[in-house]
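Have a look at the structure below before the remarks.
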Amino acid sequence: MKTFLLSLGLGILSGSIDSQSVFAKIEKNRNSNASSLFHELNATKDTLLLKSNTEISHVYSINSKYKRELDVYLSETDLKIPLTNLSKGKHVVVVDQTPKKSFL
């Protein structure tokens with residue numbers, strides 16, 4: 001009985017730890033127009049890394065309720081966006097590059 005309770009407790013504990021390990025995942029854009037934009041998550045998967053050889057002029061995200069949560073105008077080629085500021089759920093991130101627009 002003791003071993004059953006111990007294994008049950010370890011199973012529940014490992015399941016709760018495993019379910020909290022993934023913060024975010026990314027579905028990469030395979031469009032050839034977005035090939036000049038590097039988009040990846042950092043090692044802890046809580047920040048979106050954007051890098052481009054052309055200037056990134058505007059970044060915005062649209063959540064699953066079709067509302068904008070992120071809307072930034074800038075002139076950068078290297079950008080880090082913390083995902084902790086976004087609500088839970090799916091988001092589409094749109095990146096305006098000079099002179100084109102890329103959807104992630």
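No side-chain donor-acceptor contact under 3.5 Å links Asp71 to the backbone of Tyr60. Panel note: side chain His39, backbone Leu37; a donor-acceptor pair is recorded below 3.5 Å.
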Please output the side-chain donor-acceptor pairs of residues 72-82 that fall under 3.5 Å, not counting sequence neighbours, one pair per line with the distance.
none

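Ser61 has its side chain out of reach of Arg68: every pair of non-hydrogen atoms, C-beta onward, lies at least 4.5 Å apart. Counting heavy atoms from C-beta outward, Leu49 and Leu41 have side chains that stay 4.5 Å or more apart. With a 4.5 Å cut-off on side-chain heavy atoms, Asn85 and Leu83 do not count as touching.
In this structure, OG in Ser57 is found 4.5 Å from CG in Asp96, a value given to the nearest 0.5 Å. Note: Leu50 CG to Gln97 CD = 9.0 Å, rounded to the nearest 0.5 Å. The NE2 atom of His91 sits 10.0 Å away from atom NZ of Lys65, with the distance rounded to the nearest 0.5 Å.
A side-chain N or O of Ser87 and one of Glu69 form a donor-acceptor pair less than 3.5 Å apart.
With Leu70 as the partner, the side-chain contact (heavy atoms from CB on, under 4.5 Å) test is satisfied by one option alone out of Asn63, Leu48, Val59: Val59.
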